[in-house]
Amino acid sequence: MDGTVRARFAPSPTGFLHLGGARTSLFNWAFARNNKGTFILRIEDTDMARSTDESVDVILDSLKWLGFTWDEGPGAGGDCGPYFQSERRGIYKEYLQKLLDKGHAYYCFCTPEELAERREKTLAEGNNWRYDRHCLRLSPEEVQGLLTPGKKAVLRFRIPEGTTTFIDMLRGDISFHNTELDDFVILKSDGMPTYNFACVVDDALMHITHVIRGDDHISNTPRQVLLYRALDFCVPEFAHIPMILGHDKTRLSKRHGSPSVTYYRDKGYLPEAMVNYLARLSWASGEEEKEIFSREEILDRFSLDQVTKHSAVFDLDKLNWMNSLYIRQASNAYLAEILIQILTQEGLKKVEEITPEFRSYCEQVVSVMKERMKYVALIVEEARYFFDDTYAFDPAVFEKILLEEGVSQRLKLCRDEFHKLPAFTMEATEDVVRKLSESLNVKATKLIHPLRVAVSGVKVGPGLFELLVVLGKERVLSRIDRALQAIQGKK
RNA sequence: GCCCUCAUCGUCUAGCCUGGUAAGGACACCGCCCUUUCAAGGCGGCGGCAGCGGUUCAAAUCCGCUUGAGGGCGCCA
């Protein structure tokens, strides 16, 4: 590997960034950084019908969230721009002409309808469809005659005879008989180049040394190699990394839950955890006991020859485990910020209501919840009582815990003792409960469980005394009263 | 259908290239301990080299076939 490594991630802005794309981006980024090379971001927006600006924004945001900073590309500048393919039409035109001049490309006037018809017929006869070179037979005069009145045309690449072989860094030699490759379209009738063509021109002009992409591109590679050769470009190194599949072993998609990076961000997954998890899919450092890798550790160790060749199944359980681990290690301030994002997004809190006091309350909430969170939004999903005084009582729990004989009496005693407390601390509240249980001659749990249900509505959550302190004396007292009323109503 | 790729516990993987340790770890699951619920933590358990054939004293590891899985076969990328 001589010269500076230049790797790129080239998403098409036709939707959000999905986990597969994120992982491809991660490997490119890690590979570039590990080799002290350059990481380039290029937007492949040649599909005018499906590309959107919003999608570009989402992809950029996702990448930034994951921390994959690019050295060249949108917002970063660079000497090989523009980095949007839609802005490179002039460049493609030049190379298209080159192919035309050298006889590697030809005009095709077949309409999509005609093509579909012939394809179906061929398939029905049990044969494989390849473009039948219908328009290759046209003489230059005929072509000119059709072009002049402005008839819709595309440009096709003329596939030479023979076999095309390339080296995949993970698999070694891969060969295709050129008969498998038909004369594919390189310029669409709307004036945009197709993926295979634009990709080759850009990778060459951007001096990409390593093309790291999903292995669904393996069958595109021989076509691209042929294009590199026809254009007298240097062929880069290729590494086709395995895809990420859903539990049914098919390509990860909406059917498998949400595959978008932003979904996980909005759920309160930490980017560090996501990067770590994604990295461990198809990659292992060789250190047998090691599962947890910081971004730096990944950069430090990443190597393509430690990437597996087989696809990996996305496992939410393991992501959850990893995320909860990162959450437990994260600072309360960091977690509170994420929680606040979620609260405002969910409409539970308005931006102007985020006072320093509220922020500090959020920090207390995450500090008691961080031991038991798979992701931050779980607070909103399962511990809404922190932010909602009108929380409901879980019917089964209410029945079992609060409707038990003597509970009202015990709750009243607790409330009265709590009321007298000058300092509402963990020690003080626990002391109250312990003493009361002794004098009443009941187990402490006979007070603890009803109290928990009274102030939160559910039977699971943080340790009771930390919960009480976070909620604060006033709210605890009024919540006990509220529970008492509910019990009264049920009797 | 044709072409390409892949194949170690349910899942992610180490080991394979440079044949020779009871095939190691993690998640999940199950049990026990701890405990104020849920977690976390500790201890233990379950569970795998897809199959067949070959090479070899010896095969997860090398070779072949079969099977299975994934991907591609667009004026999508």
Side-chain angles (χ1 to χ4, degrees), chain A residues 10-14 44-47 49-51 85 108 110-112 115-116 119 123 126-130 152-156 168 170-171 174-177 179-182 184-190 192-196 198-199 213-222 240 242-243 245 247 249-251 277 280-292 305-306 308-322 324-325 328 369-374 382-383 397 401 430 433 443-449 451-453 456 458-465 467:
Chain A
S12 64
T14 53
E44 308 217 323
D45 55 349
T46 54
D47 186 339
R50 297 197 304 147
S51 298
Q85 290 189 326
C108 168
C110 300
T111 66
L115 252 17
R119 183 185 304 128
L123 257 24
N127 296 312
N128 282 319
W129 164 260
R130 265 172 262 112
K152 287 249 182 197
V154 302
L155 234 33
R156 286 184 185 272
D168 179 275
L170 306 182
R171 290 160 250 264
I174 299 179
S175 295
F176 285 80
H177 291 292
T179 48
E180 297 297 329
L181 285 18
D182 65 357
F184 60 94
V185 173
I186 53 179
L187 179 73
K188 301 185 257 184
S189 59
D190 67 1
M192 277 293 195
T194 58
Y195 163 73
N196 279 126
C199 181
R213 65 200 347 174
D215 65 16
D216 51 334
H217 285 288
I218 287 179
S219 45
N220 279 320
T221 307
H240 291 95
M243 321 216 64
L245 309 179
H247 263 115
K249 302 282 177 83
T250 66
R251 205 195 187 107
Y277 177 71
R280 287 290 293 110
L281 238 37
S282 305
W283 175 78
S285 70
E287 294 148 285
E288 296 202 359
E289 313 273 294
K290 196 165 170 64
E291 285 292 326
I292 303 306
D305 43 51
Q306 285 162 315
T308 64
K309 295 193 278 276
H310 58 274
S311 41
V313 173
F314 175 74
D315 182 17
L316 186 59
D317 281 329
K318 189 151 185 178
L319 205 216
N320 280 338
W321 165 75
M322 205 170 262
S324 63
L325 206 120
R328 271 177 268 140
M369 287 298 285
K370 68 201 283 187
E371 277 284 320
R372 61 210 92 226
M373 283 195 290
K374 289 177 178 147
E382 290 177 11
V397 175
I401 308 286
E430 177 155 12
V433 170
K443 281 189 185 165
T445 53
K446 287 291 181 192
L447 294 166
I448 289 171
H449 293 314
L451 274 170
R452 176 195 310 288
V453 176
S456 72
V458 291
K459 66 170 179 177
V460 301
L464 177 69
F465 306 109
L467 173 60

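Basis for what follows: all heavy atoms, side chains included, without hydrogens, waters or symmetry-related copies. Owing to the predicted nature of the structure, the values given are computational and were not obtained by experimental measurement. Residue numbers start from 1 in every chain, and the chains themselves are labelled A, B, ... in the order their sequence lines are given, proteins ahead of strands.
Which of B:rC75, B:rC27, B:rG71 sits closest to the side chain of A:V154 comes down to B:rC75. Among the nucleotides B:rA77, B:rC27, B:rC76, the one closest to any side-chain atom of A:R50 is B:rC76. Checking B:rG74, B:rU36, B:rC12 against every side-chain atom of A:I448, the shortest atom distance belongs to B:rU36. The side chain of A:I174 approaches B:rC4 more closely than any other nucleotide in the set B:rU13, B:rG70, B:rC4.
Nucleotide B:rG1 forms a Watson-Crick or G-U wobble pair with B:rC73, both donor-acceptor distances falling under 3.5 Å. Judged by Watson-Crick or G-U wobble contacts below 3.5 Å, the nucleotide B:rC6 has B:rG68 as its partner. Checking B:rU21 for Watson-Crick or G-U wobble geometry (two distances, each under 3.5 Å) identifies no partner in any strand. The base-pairing partner of B:rA26, taking Watson-Crick or G-U wobble contacts with both distances under 3.5 Å, is B:rU11.
If you check distances only, the side chain of A:K318 does reach the base of B:rA26 with a donor-acceptor pair under 3.5 Å. Side-chain to base pairing of A:R280 with B:rU13: no donor and acceptor N or O lie closer than 3.5 Å to each other. A donor and an acceptor atom sit less than 3.5 Å apart, one in the side chain of A:N220 and one in the base of B:rA77. For B:rG25, the base has a donor-acceptor partner in the side chain of A:E291 [N/O atoms by modelled type, under 3.5 angstrom].
For A:K309, the side-chain contact (heavy atoms from CB on, under 4.5 Å) criterion is met by A:L170, A:R171, not counting sequence neighbours.
The distance between atom CZ of A:F176 and atom P of B:rC4, rounded to the nearest whole Å, is 7 Å. Between the CE atom of A:M322 and the P atom of B:rA26 there is a distance of 12 Å, given to the nearest Å. Rounding to whole angstrom units, CH2 of residue A:W321 and P of B:rA26 are separated by 9 Å. Distance A:E288 CD to B:rU21 P: 15 Å, rounded to the nearest Å.
Ring-plane geometry between A:Y195 and A:H217 is classed as tilted, the angle between the planes lying from 30 to 60 degrees on a 0 to 90 degree scale.
Using a cut-off of 4.0 Å between Lys/Arg side-chain N and Asp/Glu carboxylate O, A:R372 and A:E382 are scored as not salt-bridged.
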